[in-house]
Novice: 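Take this structure, written in C-alpha cells, and hold onto it; I'll ask about it next.
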Protein chains: 2
Amino acid sequence: MARKTGSHSDITRPRIQAAALRLFAQHGYAAVSMRQIAAEVGVQAGAIYNYVPHKQALLFELLKTHMEDLLVANAEAVSGSGPKALDDFVRFHILYHLERVDLVFISYMELRALEPDNFAEIERLRRAYEDRLEAILDGMDLSDTKLATLALIAMLTGVTNWFREEGRLSPDDVAETYVAMARRLAGAA
Amino acid sequence: MARKTGSHSDITRPRIQAAALRLFAQHGYAAVSMRQIAAEVGVQAGAIYNYVPHKQALLFELLKTHMEDLLVANAEAVSGSGPKALDDFVRFHILYHLERVDLVFISYMELRALEPDNFAEIERLRRAYEDRLEAILDGMDLSDTKLATLALIAMLTGVTNWFREEGRLSPDDVAETYVAMARRLAGAA
DNA sequence: GCTTGATTTGAACGCTCGTTCAGTTACCCA
DNA sequence: TGGGTAACTGAACGAGCGTTCAAATCAAGC
C-alpha cells in the first residue's frame with residue numbers, strides 16, 4: 001500500500017517543479033544543475049529521480065502543462081469574434097501572463113533546450129494559441145491577418161519583460177492601455 | 001616587430017567571434033563550451049585565450065558592439081519626429097534586425113548570462129535606443145507614450161522570431177505592413 | 001638562413017555535471 | 001509493535017567544463 005496522508009511525495013514533487021521553474025527562469029535551463037534544484041527543495045540530487053526520469057523532462061513538463069492550461073483558460077475567457085473578442089483576448093493574455101511571468105519567460109526562452117520531439121509538441125500548442133487570436137482577427141478589417149496576429153502576440157507578451165509590481169501602473173491599467181492600442185492596430189478604434 | 005600581413009590573428013579573431021555568435025544563438029551561452037567554439041574555428045580551446053580573457057568577455061563584446069552599432073545606424077537612418085520619423089524607425093528596426101537575427105536573439109536571450117556590471121552597460125544602451133523611439137512618439141497623440149514605446153519595440157523585434165527567408169513575404173513587404181500597423185497603433189493613420 | 005616573437009598546441013589543473021544505486025530512514029498498515 | 005515499502009541519502013561513475021602554461025610551430029624581418 002502506498003502511503004497517503006503525510007506522504008512526502010505529495011509535497012516534494014510540487015516543490016521540485018516550483019524550484020525548477022524559478023531557477024530555469026532566473027538562470028536558464030542549461031545553467032541550472034540538478035544539485036541546485038535539489039538544494040532549493042532541501043533534498044539530495046538523487047531524490048529528484050524518484051519523480052522525474054531526467055532533467056529534460058523537468059523542463060518539458062513545465063512547458064507542456066503551461067501551454068495546456070493556457071489554452072483551457074483562454075477558451076473559458078474568450079469567445080466569439082469581432083472587436084469585443086479582441087478586447088477580451090488582450091485582457092486575458094496580459095493578465096494571465098502577468099501572473100505567470102516565470103512560466104512565460106521559459107516558454108519563450110528555453111524552447112531551444114528541448115529535444116526535437118518535445119519542441120514539436122510545444123510548438124503545436126503555441127500555434128493553437130496563436131490560431132485563436134488569428135480567428136478573432138479574421139473577421140476584422142486587416143490587410144494581413146497573420147502578420148497582425150504575430151505582431152499582437154509579440155506586443156502583448158512583451159509586457160512580461162518590463163512589468164514591475166512596484167511600477168506606476170497596475171496590471172489592469174496596462175491591460176486597458178493595451179486594449180486601446182490593439183483596437184487601433186486592428187482598425188477597430 | 002609584430003607580424004602584419006598574413007598574421008593569423010587578423011583571421012582568427014573574427015572567426016572566433018563569428019563562431020561564438022552562431023553557437024550562442026543556437027544553443028545558448030551556458031550550453032556552449034569554449035571547446036565547441038574552438039572546434040568551429042579549427043583551433044584548440046587554449047588559443048581563444050590569446051584574444052579574449054574569458055568566456056564572459058566573448059558574450060559581452062558581441063552584445064556591446066551590437067548595441068553601439070545599432071545606435072549609430074539608427075541615428076543615421078532616422079531623424080526628426082512625427083509620423084514620418086515613426087515610419088523610418090519602423091523600417092529601420094525591422095530591416096536592420098532581420099539582417100542580424102543571431103545578434104538580436106542573444107541580445108534579448110542572454111542578458112541574464114551577463115555579470116552585473118556588464119548587464120548594466122548593455123541595459124544602458126538598450127534604454128538609449130528605446131529613448132529614440134519614445135522621443136518620436138512624444139510628439140504624437142498617445143495616452144501613454146512609454147507604454148506605446150515598449151509595445152512597438154516588442155512588436156517590431158518579434159519579427160526576428162518568425163521571419164523565414166523562404167516565406168511568402170520579403171523583408172520589405174513585412175516592413176511596410178508593420179509601418180501601417182505602427183501608424184494605426186500610434187494614431188497616425 | 002637565422003633570429004625573434006606572435007601564434008598555437010596539447011596536456012593538465014581542479015571542479016561540476018547528469019545520472020545511478022546500494023544502503024538507510026521514516027512512516028503507514030496490519 | 002513489527003513488517004513493508006516509499007522516500008531519501010551519500011557516494012560514486014565517466015564525462016566535460018573554463019582556464020593555464022610550458023613547449024612547439026610558424027612566418028616576417030634582417
Side-chain angles (χ1 to χ4, degrees), chain A residues 1-24 26-63 106 110 112-118, chain B residues 1-24 26-62 106 110 112-115 117-118:
Chain A
M1 258 298 150
R3 282 181 293 172
K4 299 276 179 54
T5 57
S7 170
H8 282 193
S9 82
D10 295 350
I11 300 166
T12 304
R13 181 187 292 274
R15 290 189 65 198
I16 289 172
Q17 287 166 334
L21 169 58
R22 206 189 67 74
L23 289 169
F24 288 166
Q26 185 172 0
H27 305 294
Y29 173 76
V32 172
S33 71
M34 297 298 261
R35 285 172 179 82
Q36 276 178 272
I37 297 169
E40 181 136 329
V41 177
V43 107
Q44 292 297 316
I48 295 180
Y49 291 87
N50 287 326
Y51 303 96
V52 177
H54 40 247
K55 190 183 173 191
Q56 167 86 190
L58 215 39
L59 175 63
F60 180 62
E61 278 177 20
L62 284 171
L63 298 194
I106 66 170
E110 302 298 351
R112 66 182 165 192
L114 290 174
E115 288 158 11
D117 286 357
N118 293 341
Chain B
M1 258 295 149
R3 281 182 293 171
K4 299 274 179 55
T5 57
S7 169
H8 282 192
S9 80
D10 295 350
I11 301 167
T12 305
R13 181 187 291 275
R15 291 189 65 199
I16 289 171
Q17 287 167 334
L21 170 57
R22 206 189 67 74
L23 289 169
F24 287 166
Q26 186 172 359
H27 305 293
Y29 173 77
V32 173
S33 71
M34 296 300 261
R35 285 170 179 82
Q36 276 178 271
I37 297 168
E40 180 136 327
V41 176
V43 106
Q44 293 297 317
I48 296 180
Y49 291 87
N50 287 326
Y51 303 97
V52 177
H54 41 246
K55 191 184 173 190
Q56 168 86 191
L58 215 41
L59 175 63
F60 180 61
E61 278 178 21
L62 284 171
I106 66 170
E110 302 298 351
R112 65 182 164 193
L114 291 174
E115 287 156 13
D117 287 357
N118 293 341

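Just so it is clear: chains get the letters A, B, ... in the order the sequence lines come, proteins before strands, and each one is counted from 1.
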Novice: From CZ of Arg15(B) over to C1' of dT7(C), roughly how many Å is that when rounded to an integer?
Specialist: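 Going from CZ in Arg15(B) over to C1' in dT7(C) covers 14 Å.
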Novice: Answer yes or no: is there a side-chain heavy-atom contact under 4.5 Å between Tyr29(B) and Gln56(B)?
Specialist: yes
Novice: What is the distance, to the nearest angstrom, from the CG atom on Asn50(A) to the P atom on dT5(D)?
Specialist: 16 Å
Novice: In whole Å, I'd like the distance from the CD atom of Glu115(B) to the C1' atom of dG18(D).
Specialist: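 Distance, rounded to whole Å: 13 Å.
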Novice: Would you say a side-chain N or O of Thr12(B) is under 4.0 Å from OP1 or OP2 of dT8(C)?
Specialist: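 Checking dT8(C) against Thr12(B), a side-chain N or O does come within under 4.0 Å of OP1 or OP2.
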Novice: Taking only the side-chain heavy atoms of Ala47(B) (C-beta and beyond), determine which of dT9(D), dC8(D), dT8(C) contains the nearest atom.
Specialist: dT8(C)
Novice: Do side-chain atoms of Arg35(B) reach the backbone of Ala45(B) as a donor and acceptor pair under 3.5 angstrom?
Specialist: no
Novice: Give a yes or no answer on whether the side chain of Gln26(B) reaches the backbone of Leu23(B) with a donor-acceptor pair at less than 3.5 Å.
Specialist: no
Novice: Does a salt bridge link Lys55(A) with Glu110(A), judged by any charged N lying under 4.0 Å from a carboxylate O?
Specialist: no
Novice: Donor-acceptor pair, Glu61(A) side chain versus Leu58(A) backbone, under 3.5 Å?
Specialist: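 Checking the backbone N and O of Leu58(A) against the side chain of Glu61(A), no donor-acceptor pair under 3.5 Å is found.
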Novice: Roughly how many Å is it from CD in Gln44(B) to P in dA22(D), rounded to a whole number?
Specialist: 18 Å
Novice: Rounded to the nearest angstrom, tell me the gap between atom CD1 in Ile16(B) and atom C1' in dT7(C).
Specialist: 11 Å
Novice: Tell me the closest heavy-atom pair linking Val52(B) and His54(B), and the distance in Å.
Specialist: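 Smallest heavy-atom distance, with atoms named: CG1-O, 2.9 Å.
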Novice: Rounded to whole Å, how long is the line connecting atom OH of Tyr51(A) with atom C1' of dC8(D)?
Specialist: 8 Å
Novice: Find every protein N or O atom lying less than 3.5 Å from an N or O atom of nucleotides 17-20 of chain C, and list the pairs.
Specialist:
unit_1, atom_1, unit_2, atom_2, d
dC17(C), OP1, Ser33(A), OG, 3.0
dG18(C), OP1, Val32(A), O, 3.3
dG18(C), OP1, Lys55(A), NZ, 3.0
dG18(C), OP2, Met34(A), N, 2.8
dG18(C), N7, Arg35(A), NH1, 2.8
dG18(C), O6, Arg35(A), NH2, 2.9
dT19(C), OP2, Tyr49(A), OH, 2.7
dT19(C), OP2, Lys55(A), N, 2.9
dT19(C), O5', Tyr49(A), OH, 3.3
dT19(C), O4, Arg35(A), NH2, 3.3

Novice: Whole angstrom is fine here: how far is it from CD1 in Ile48(A) over to P in dC21(C)?
Specialist: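 Answer to the nearest Å: 17 Å.
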